[in-house]
Structures are given as C-alpha cells and as structure tokens.
Enquirer: 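The structure is given below, and queries will be raised subsequently.
Residue numbers begin at 1 in each chain, while the letters A, B, ... track the order of the sequences.
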Amino acid sequence: MPELPEVETVRSGLAPVLAGATVTGVEVLEPRSLKRHPGDITDFKNQLVGRQILAVVRRGKFLWLPLAAEGTPIALVGHLGMSGQMLLRTPDFAPDKLTRVIISARSLSGESVEFRFVDQRIFGSLAIDLLVPTMDAGPGGFAPESNAAFDARSQQWSNLIPQSAAHIARDPLDDNFSSRTVIERLRKKNTGIKRALLDQGLLSGVGNIYADEALWRSRLHYDQQASSLSKAKAGELLESVTEILRSAVLAGGTSFDEQYKNVNGESGYFEVSLNAYGMTGRPCPRCGTPIKRDSWANRGSHFCPLCQKLR
DNA sequence: ATGGACACCTGTGGGC
DNA sequence: TGCCCACAGGTGTCCA
C-alpha cells in the first residue's frame, strides 16, 4: 500500500529516534518477513545486535538504516510491501496486532525503544544488505571505505544504495533527481504512460494511488503511449507527480483503512485530496462525469472518461 | 523491450 | 450466521 509519501512519513518519524541508536535485541515472530535476508534468523540477529544505526534513508518506497560496521558498509533494508508498518513504541506499550519483527534499541538520549515491524500480508520484508555506490552518484559522490566515514547528519547517503535495490531509480523528491533525463527516457518508452510511471527503474516512489492522481491532474488516459507525449506534456505530467507527492508528504500520506499508519500508529490525511483514486462512480471534481474504474494490469485504474480520453 | 499472468499473503466487506 | 468472491498503497519472475 505505501507509496513514497507514506514511506517518507515513516522515515521522518523514525529518524529522530533511531539515528545514533544502538540495537539491543531482535525478536523474529514471523520468519517469512525475513525472506529477502540472505542468511537465517540467527544470522539476522547476529548482524544487528550491538550495532549502531547511523541514519534513516529512503529512495522511492525503499527505506534503509545504515549500520556502523568495519569494512564493508551495510544497512538494515526495509520495504513495506502492501501492508507494512514500522511503529515506534516504548517496551511497555500494548502489543500491536500482526507484529512480525521487534527490534529493541537504546536511543542516543538513553531511552529504550521498540521498533515494531507490523505487516498483514507479509509482502514487506526486513533484511541486512550491502551498501554499494548508486549508478548515478551525484556531484561529489564517492564510495566510502566503510560506514565509519559517515555520520548521521551526512548528506552523502544519497550516493549509496542497498545492493538489492540498485535497480531503483531516484525519486522526484531526491536532490539529484534529473527531470530532464527522466522526460527524455519516458518519451522513448514504447508503452502506456501509467506503466511507465509505475516503472521504478525509470523514476521511483509512484504507486497506484499517485499514478492515478497525477494522470487525472494532467488529463491523461492511463494507456496513452508514453512516446506520444510532447516534451512539454511529459514535463507537465512530471510536475503533477512531484507536486502531488510533495503535498501528500505534507499531509502525512494517504490512509483509508487500518493499513497505513505513521510510526505512532496515526493516519495521514491526504485522502481528502484524492480526485480519482477510489472515487469510482463519484463525480469528477473538474467536470462532474462519474469516475470510472477499469481493470488494468491485475489492479484498478481510476480516471475520468471525459477529461482523460485516449488519443 | 514489453506485457501478461502469476506468485507471494492476510483480512475485510459485499452479496446471497 | 456462514460462504464465496472481489479487492487491497508492491515487487519479482517466468514466458510469450
């Protein structure tokens, strides 16, 4: 479920507490939540306990915690899948339903905290992974000898990425995101525009909700060929995507059920700003035509049949 | 390169 | 009340 704004809401909630914290314990209640970890449960615990967390970093929908380690830089990598949550609780806080992994830590200020990974569908995961230089390292980018070369406030994290996420492109809220390059690549795609927006190797962070919203705002049909867009139209679409992601981050993300919560278990309120997604049958805020839902790529696509005609 | 189908999962809500 | 089906913010892989 979570897309960039939801993951960013989680990241910004974790960072003040976990940056600089030291892991004191790990409890794995659901082994399938570690399916992307290369080793077994014991290995996962051994790699975490006693380690210091240096920062909380996000690209697209991936989130990771670089760990202090000698030699090769490593990180705890998390993905929320369709239903993941990362909650911060005091140890005495009532158990949360569907908790899969609990990581106990001591923060820089000496407080005990529990990081609870909650995930109904178990599409999300936690894993330890190597950090490698990102393909398009920005100005001044370099590969460090080890994480020890970094501190929690460093901006350099933008040039490292977990090996397992190396194929994920920068997202529109990344300082080193290049609109020009993405527009260029987008217009060479011989595919439908929504498929291109959801291609995490072209730009990351956009999922089904924000794709539908950006297409609605730009009056584009989901199956419009990406290569048919003028440079200006492609630019306008990318602007829509960026603005929508920004506003949604400010709103704390979109929550329409129990599946998305911030680190305190609270809902975001971007739902009130949705124009197309989940609005099947309700009037298009622009022209009043009922919003339609089409089955598309094993999921749903919501659009205004009048404003968003296929050309 | 593209896209479709499917696998990975649990839970909820609607219709009957 | 129960049962069955559709549906849900994602990703990855295999196969035409």
Enquirer: Could you tell me the separation between the CG atom of Asn190(A) and the P atom of dG4(B), rounded to a whole number of Å?
Expert: 13 Å

Enquirer: Can you check the Leu198(A) CG to dT11(C) P distance for me, whole Å?
Expert: 9 Å

Enquirer: Output the rounded distance in Å from CG (Leu80(A)) to P (dT10(B)).
Expert: 18 Å

Enquirer: Can you figure out which of dG4(B), dT11(C), dA8(C) approaches the side chain of Arg195(A) most closely?
Expert: dG4(B)

Enquirer: Indicate whether OP1 or OP2 belonging to dA8(C) is found under 4.0 Å from a side-chain N or O atom of Arg293(A).
Expert: yes

Enquirer: Take atom P in dC9(B) and the same atom in dC7(C), then report the distance between them in whole Å.
Expert: 22 Å

Enquirer: With a 3.5 Å limit on both atom pairs, tell me what dC9(B) is paired to, counting Watson-Crick and G-U wobble, or say none.
Expert: none

Enquirer: Given the ring of Trp157(A), does Arg58(A) sit roughly above its face, with NZ or CZ under 6.0 Å from the centre of the six-membered ring and within 45° of the axis?
Expert: no

Enquirer: Check every strand shown and say whether Gln200(A) touches a base, only sugar-phosphate, or nothing at a heavy-atom separation below 4.0 Å.
Expert: sugar-phosphate

Enquirer: Grab the CD-P distance between Gln120(A) and dG13(B) for me, whole Å please.
Expert: 11 Å

Enquirer: Tell me: CG of Asp119(A) to C1' of dT11(C), nearest whole Å?
Expert: 13 Å

Enquirer: Salt bridge or not for Lys189(A) and Asp199(A), using N-O below 4.0 Å?
Expert: yes

Enquirer: Between dG4(B), dT10(B), dT2(B), which one does the side chain of Lys189(A) approach most closely?
Expert: dT2(B)

Enquirer: With no hydrogens and no angle check, do the side chains of Ser104(A) and Thr24(A) hold a donor and an acceptor under 3.5 Å apart?
Expert: no

Enquirer: Considering just the side-chain nitrogens and oxygens of Arg36(A), establish if one lies under 4.0 Å of OP1 or OP2 belonging to dG12(C).
Expert: yes

Enquirer: Using whole Å, report how far CG of Asp212(A) lies from C1' of dA8(C).
Expert: 14 Å

Enquirer: Taking the side chain of Asn298(A) as heavy atoms from C-beta outward, which of dT11(C), dT10(B), dA5(B) is closest to it?
Expert: dA5(B)

Enquirer: On DNA chain C, compare the nucleotides closest to Ser295(A) and Lys61(A); which residue's is nearer the 5' end?
Expert: Ser295(A)

Enquirer: For Lys35(A) and dC8(B), is the shortest distance between a side-chain N/O and OP1 or OP2 below 4.0 Å?
Expert: no

Enquirer: So which of Glu213(A), Lys194(A), Glu3(A) actually passes side chain to side chain donor-acceptor pair (under 3.5 Å) with Asn208(A)?
Expert: Lys194(A)

Enquirer: When rounded to the nearest Å, what value does the distance between P atoms of dC8(B) and dC3(C) take?
Expert: 25 Å

Enquirer: What's the CD-P distance between Glu30(A) and dC9(B), to the nearest Å?
Expert: 9 Å

Enquirer: Does Glu258(A) CD have over 12 foreign heavy atoms under 6.0 Å away?
Expert: no

Enquirer: With the criterion set at under 5.5 Å between ring centres and under 30 degrees between planes, would dC8(B) be stacked on Phe123(A)?
Expert: yes

Enquirer: Taking only Lys NZ, Arg NE, NH1 and NH2, and the carboxylate oxygens of Asp or Glu, determine whether Lys292(A) and Asp294(A) approach each other closer than 4.0 Å.
Expert: yes

Enquirer: Can you see if the side chain of His167(A) gets near the phosphate of dG12(C) - specifically, an N or O under 4.0 Å from OP1 or OP2?
Expert: yes

Enquirer: Round to the nearest Å and state the distance from Arg121(A) atom CZ to dA7(B) atom P.
Expert: 14 Å

